[in-house]
Asks: 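This is the structure I have questions about; it appears just below.
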Amino acid sequence: QVQLVESGGGLVQAGGSLRLSCAASGSIRSINAMGWYRQVPGKQREFVATMTSDGNTNYVDFVKGRFTISRDNAKNTVYLQMNSLKPEDTAVYYCNAIISAIGKLIPSPYWGQGTQVTVSS
């Protein structure tokens with residue numbers, strides 16, 4: 001079994017900052033990309049940022065310059081530092097990881113349970 005557990009969501013005023021964490025655990029052989037998505041009610045889940053195991057990053061345009069993704073490979077953990085938050089950043093943020101699990105032949109995507117981020121105006 002593989003689990004992703006997120007933490008760090010909450011309520012913050014516009015212009016403030018939050019740091020999300022996501023730790024992967026379980027029968028993990030290796031982790032490829034780790035990243036973040038977000039979803040608001042009634043809309044599709046959307047990509048926010050991702051980071052490969054060798055440090056390459058990719059961001060959606062609307063968070064560039066405000067959000068920073070980072071990883072601690074020794075801890076199987078990915079972080080999302082969110083600065084200059086806006087009310088439109090309000091969403092449930094989900095961690096995603098492409099993991100090669102022990103006993104499985106191919107890597108598979110895994111999701112965390114989500115953490116709520118609310119930005120007040």
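Hydrogens, waters and symmetry mates are skipped; everything else that's a heavy atom, side chains included, is used.
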Asks: Apply side-chain hydrogen bond (donor to acceptor under 3.5 Å, both in side chains) to Glu46 and list each qualifying residue two or more places apart in sequence or on a separate chain.
Replies: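 So Glu46 forms a side-chain hydrogen bond (donor to acceptor under 3.5 Å, both in side chains) with Arg38.
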Asks: Are Ile102 and Ile31 connected in a single hydrophobic cluster, I mean Ile/Leu/Val/Met/Phe/Trp/Tyr linked by side-chain heavy atoms less than 4.5 Å apart?
Replies: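 No, separate clusters.
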Asks: If you compare all heavy atoms of Ala49 against all heavy atoms of Tyr59, which two are closest, and at what distance to 0.1 Å?
Replies: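 Minimum heavy-atom contact is CB-CD2, 3.6 Å.
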Asks: Name the atoms and distances for all side-chain donor-acceptor pairs under 3.5 Å in residues 11-20, with sequence neighbours left out.
Replies:
residue, atom, partner, partner atom, Å
Ser17, OG, Asn83, OD1, 2.9

Asks: Suppose we screen for salt bridge (Lys or Arg N to Asp or Glu O under 4.0 Å). Which residues come up paired with Lys64, at least two apart in sequence or across chains?
Replies: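 Testing Lys64 for salt bridge (Lys or Arg N to Asp or Glu O under 4.0 Å), a comparison that skips the adjacent residues, returns Asp61.
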Asks: Partners of Ser27 by side-chain hydrogen bond (donor to acceptor under 3.5 Å, both in side chains), sequence neighbours excluded?
Replies: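 Result, side-chain hydrogen bond (donor to acceptor under 3.5 Å, both in side chains) vs Ser27: none returned.
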Asks: Kindly work out whether a path of hydrophobic side-chain contacts (I/L/V/M/F/W/Y, heavy atoms less than 4.5 Å apart) joins Val117 to Tyr79.
Replies: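 Per the 4.5 Å side-chain linkage, Val117 and Tyr79 are not co-clustered.
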Asks: Can you name the salt bridge (Lys or Arg N to Asp or Glu O under 4.0 Å) partners of Asp54, sequence neighbours left out?
Replies: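 Salt bridge (Lys or Arg N to Asp or Glu O under 4.0 Å) list for Asp54, sorted by chain: empty.
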Asks: Taking side chain to side chain contact (heavy atoms under 4.5 Å, CB included) as the definition, give me every residue that meets it alongside Ser25, ordered by chain and number, with sequence neighbours left out.
Replies: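 With neighbours one apart ignored, the set is Gln3.
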Asks: Please identify each residue that fulfils side chain to side chain contact (heavy atoms under 4.5 Å, CB included) with Pro109, with sequence neighbours left out.
Replies: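 Result, side chain to side chain contact (heavy atoms under 4.5 Å, CB included) vs Pro109: Asn96, Ile98.
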Asks: Could I get the full list of side-chain hydrogen bond (donor to acceptor under 3.5 Å, both in side chains) partners for Asn32, not counting sequence neighbours?
Replies: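 Checked Asn32 against side-chain hydrogen bond (donor to acceptor under 3.5 Å, both in side chains); zero matches.
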Asks: Please identify which of these residues, Thr68, Ile69, Asn56, Leu80, meets the side-chain contact (heavy atoms from CB on, under 4.5 Å) condition with Met51.
Replies: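 For Met51, the side-chain contact (heavy atoms from CB on, under 4.5 Å) check succeeds only for Ile69.
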Asks: Please identify each residue that fulfils salt bridge (Lys or Arg N to Asp or Glu O under 4.0 Å) with Arg66, with sequence neighbours left out.
Replies: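 In terms of salt bridge (Lys or Arg N to Asp or Glu O under 4.0 Å), with neighbours along the sequence ignored, Arg66 is linked to Asp89.
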Asks: Please enumerate all residues that pass ring-ring contact (aromatic ring centres under 6.0 Å, His included) together with Tyr37, with sequence neighbours excluded.
Replies: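 Testing Tyr37 for ring-ring contact (aromatic ring centres under 6.0 Å, His included), a comparison that skips the adjacent residues, returns Phe47, Trp111.
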Asks: Could you tell me which residues satisfy side chain to side chain contact (heavy atoms under 4.5 Å, CB included) with Val2, sequence neighbours excluded, listed by chain and number?
Replies: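 Ile28, Ile99, Ala101, Tyr110.
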Asks: When you group the ILVMFWY residues by side-chain heavy-atom contacts below 4.5 Å and let the links chain together, are Val63 and Val92 in the same group?
Replies: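 Yes, Val92 and Val63 fall within the same hydrophobic cluster.
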Asks: If two hydrophobic side chains count as joined below 4.5 Å and joins carry through other members, does Val40 share a cluster with Val60?
Replies: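 No.
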Asks: Looking at residues at least two apart in the chain, or sitting in another chain, which of them share a side-chain hydrogen bond (donor to acceptor under 3.5 Å, both in side chains) with Arg45?
Replies: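 Counting only residues at least two positions away or on another chain, Arg45 forms a side-chain hydrogen bond (donor to acceptor under 3.5 Å, both in side chains) with Gln39.
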